[in-house]
Chemist: 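What follows is a structure written as structure tokens; I'll ask about it next.
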Amino acid sequence: MTDDVLVDQALAGQTSAYELLVRRWVNSVLALCRTKIRCRHTAEDLTQEAFLRGFRNLSTLKDHSRFGPWVRGIAYRACQDWLKSKQSSQVPFGVLSEDQEPDHLLATSANSTEQIVEQKDEVERLLAEVDALPEEQREVILLYYYEQGTYDDLARLLGVSRATVNARLTKARAALRERLQGARRA
Amino acid sequence: MECNQVQSLLSAWLDQELNHEDHLNVDNHLSRCPLCRAEANELRLLHSDLERALADSRTSARQIPESVIAQISTPTLTPPPRSTSRQGPRLLVALAVAFLLASFLLFPGPESRAKSREAVATVMMSMGEVQVQQPGTTQWEDHSIVAPLSVESGTGVRTGPLSICEVEDRAGNVVCLSSKTKVSYNAVGNVVLDSGQVLCKAPTKESDLKVQTKNWIVTSPGGSFSLVCNPDGCRVVALKGKTFVRSDKGVHQLQQGDSLNEPGGQNPLPLPVENPTWETRWVHPLLMKKGRGNTDLEQRAKELLVRLGDPKMKLQYEQELRRMGDYAAPVLLEFVRVPFARKMPGHRRKAMEILADVCSSWAIPELIPLLKDPDVEIRAHAARGLQRLTGLTQGRAPDQWKTPDWASCEKTFQAWNVWWTMHETDYKSLLNTAPQAHQKRK
């Protein structure tokens with residue numbers, strides 16, 4: 001069933017149709033939130049928030065077949081809002097425990113990456129290295145592994161060419177290999 | 001292809017995103033170059049590590065839809081305007097449905113019990129005899145499938161030593177049974193493999209196909225896998241996409257081309273398979289029976305073609321390509337025609353030799369230009385193919401095309417072109433019998 005049909009059904013009151021839309025787009029939205037926000041739990045909260053905002057505002061969606069990009073746009077704004085609120089020391093969703101510093105939650109906080117890498121096991125080391133990638137590369141890596149789609153799918157989602165997706169993935173993997181090999185040698 | 005060029009393509013190669021020509025080039029280079037092979041293995045390792053590292057997040061992502069729906073259903077969230085008036089009735093309807101469902105489950109009458117055995121799948125096609133065991137009976141009944149055979153929940157299906165069949169359930173999940181295989185259908189998307197070998201295909205990522213064995217539950221949303229069980233244990237091979245194997249030891253995630261064996265010690269690890277297509281070649285007759293335009297079969301022919309250079313297995317691969325016959329011909333023709341194949345003359349000649357033996361009349365106008373190929377062996381095979389299909393040589397026997405003196409062949413080449421112009425209409429109906437893959441390329 002296509003997105004536009006599901007949006008019509010959701011607008012007609014069928015919650016199950018909206019659930020299908022969420023299932024279809026959740027990986028893509030989560031990948032976007034994880035690109036912006038390092039903390040997994042915060043990214044999940046923001047993903048959920050994006051879909052809830054989407055539901056509230058579904059009647060404002062003009063082209064029903066564009067649900068995916070539309071809800072990703074909402075997620076992007078939700079992340080921006082969260083980052084702004086973090087800058088003004090207001091952290092919603094209650095994700096901070098006593099021993100966590102707010103800086104660790106920012107995906108772009110490169111300085112703290114090295115400290116974290118020292119303390120984590122291999123999986124977390126790899127995730128930390130993913131977080132330390134430039135944003136474009138991080139986004140394409142997360143999207144590829146969450147969404148498990150083709151380069152064409154990713155290109156449509158990101159609004160770039162298939163060749164750009166390929167180039168970013170190639171660079172991201174090369175950078176990860178280099179960093180991980182460097183860490184092993186050290 | 002140079003090493004640096006191959007290494008720049010490895011990422012897309014790993015993701016199966018290269019075009020056919022580049023993919024073959026990389027495959028061929030890797031079979032020769034240990035340095036690039038090591039690079040490819042490193043990259044594959046990183047790919048598996050990333051898969052594993054991000055698996056947790058994907059698992060928790062699955063809970064988000066439920067959480068969203070739970071919150072949508074609470075009165076604090078404003079629903080979309082058009083649905084507002086329906087909230088009340090929907091709640092009442094939901095309660096009524098819940099009541100009816102509970103009544104049905106707690107007090108099923110004789111009629112409802114009978115209805116619970118609904119048709120869940122259909123035996124779509126078979127080669128040889130298929131036996132079916134109806135629910136609640138111990139008898140196996142023979143069925144020679146002429147028309148599709150309906151399978152109810154609780155039905156057993158088994159094949160004999162010389163038969164294979166394909167079963168499709170109501171959700172579009174396909175399970176092909178090899179010979180001497182026994183399965184039972186519990187429900188839509190829920191199959192138990194008792195013994196033998198199956199090839200399972202879930203059409204979309206939302207497909208919920210679970211195949212159970214004694215110790216495993218195997219799934220592959222949107223992908224396909226092969227599963228074989230014998231008294232020593234089971235073996236699963238991920239053929240397309242990712243395959244998940246759940247056991248009491250946890251969940252194993254297999255990448256495309258990986259296998260998992262049981263028994264495999266305390267912590268069996270997925271291992272790459274040399275040639276998954278070869279392991280599941282028993283399914284080819286079923287795919288061929290499906291008719292033209294079969295992308296699965298085309299892909300399998302490509303994989304065999306890539307491996308034709310393997311010194312140990314080339315004879316077997318060649319035989320299998322020949323068995324595929326005209327279905328393999330478009331892939332062979334494409335390979336012979338692409339410029340890069342000229343760098344692999346031996347491989348190309350073998351592909352042309354098979355093509356000349358197996359193609360049918362649709363290939364006549366494709367063979368004529370190959371009479372002018374720079375490689376004299378290709379010319380000779382093209383002439384042999386034309387002789388087989390038309391009974392004509394235009395005065396020059398296939399072996400005579402091996403002469404390096406093209407000028408002496410030119411007249412016959414022109415004769416073939418003239419002949420085709422005059423006889424094209426005679427072959428018009430046969431041209432339409434080309435495999436769909438070939439027609440698409442045209």
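Lettering of chains follows the sequences in order, A, B, ..., and the numbering in each one begins at 1.
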Chemist: Do A:R173 and B:L46 come within less than 4.5 Å of each other through their side chains, counting heavy atoms only?
Modeler: yes
Chemist: For A:V130, is it the side chain, the backbone, both, or neither that has a heavy atom closer than 4.5 Å to a heavy atom of chain B?
Modeler: side chain
Chemist: Atom CG of A:N166 and atom CG of B:L9: how far apart are they, to the nearest 0.5 Å?
Modeler: 8.0 Å
Chemist: Out of curiosity, B:L50 CG to A:L176 CG, how far, rounded to the nearest 0.5 Å?
Modeler: 6.0 Å
Chemist: Drop me the distance from A:T150's OG1 to B:Q16's CD, to the nearest 0.5 angstrom.
Modeler: 12.5 Å
Chemist: Ignoring hydrogens, what is the shortest heavy-atom contact between A:T170 and B:S8? Give both atom names and the distance.
Modeler: CG2-O, 4.1 Å
Chemist: Return the minimal non-hydrogen interatomic distance between A:Y151 and B:E17, and the atom names on each side.
Modeler: N-OE2, 2.9 Å
Chemist: Just how far is it from atom CZ of A:F51 to atom OG of B:S67, taken to the nearest 0.5 Å?
Modeler: 12.0 Å
Chemist: Of the listed residues (A:V22, A:I141, A:L20), which shares the most heavy-atom pairs with chain B below a 4.5 Å separation?
Modeler: A:V22
Chemist: Could you grab the distance from atom OH of A:Y144 to atom CD of B:E51, nearest 0.5 Å is fine?
Modeler: 7.5 Å
Chemist: Nearest heavy-atom pair of A:L52 and B:V68: which atoms, and what distance?
Modeler: CD2-O, 3.8 Å
Chemist: From A:T47 OG1 over to B:I64 CD1, what is the distance, rounded to the nearest 0.5 angstrom?
Modeler: 4.5 Å
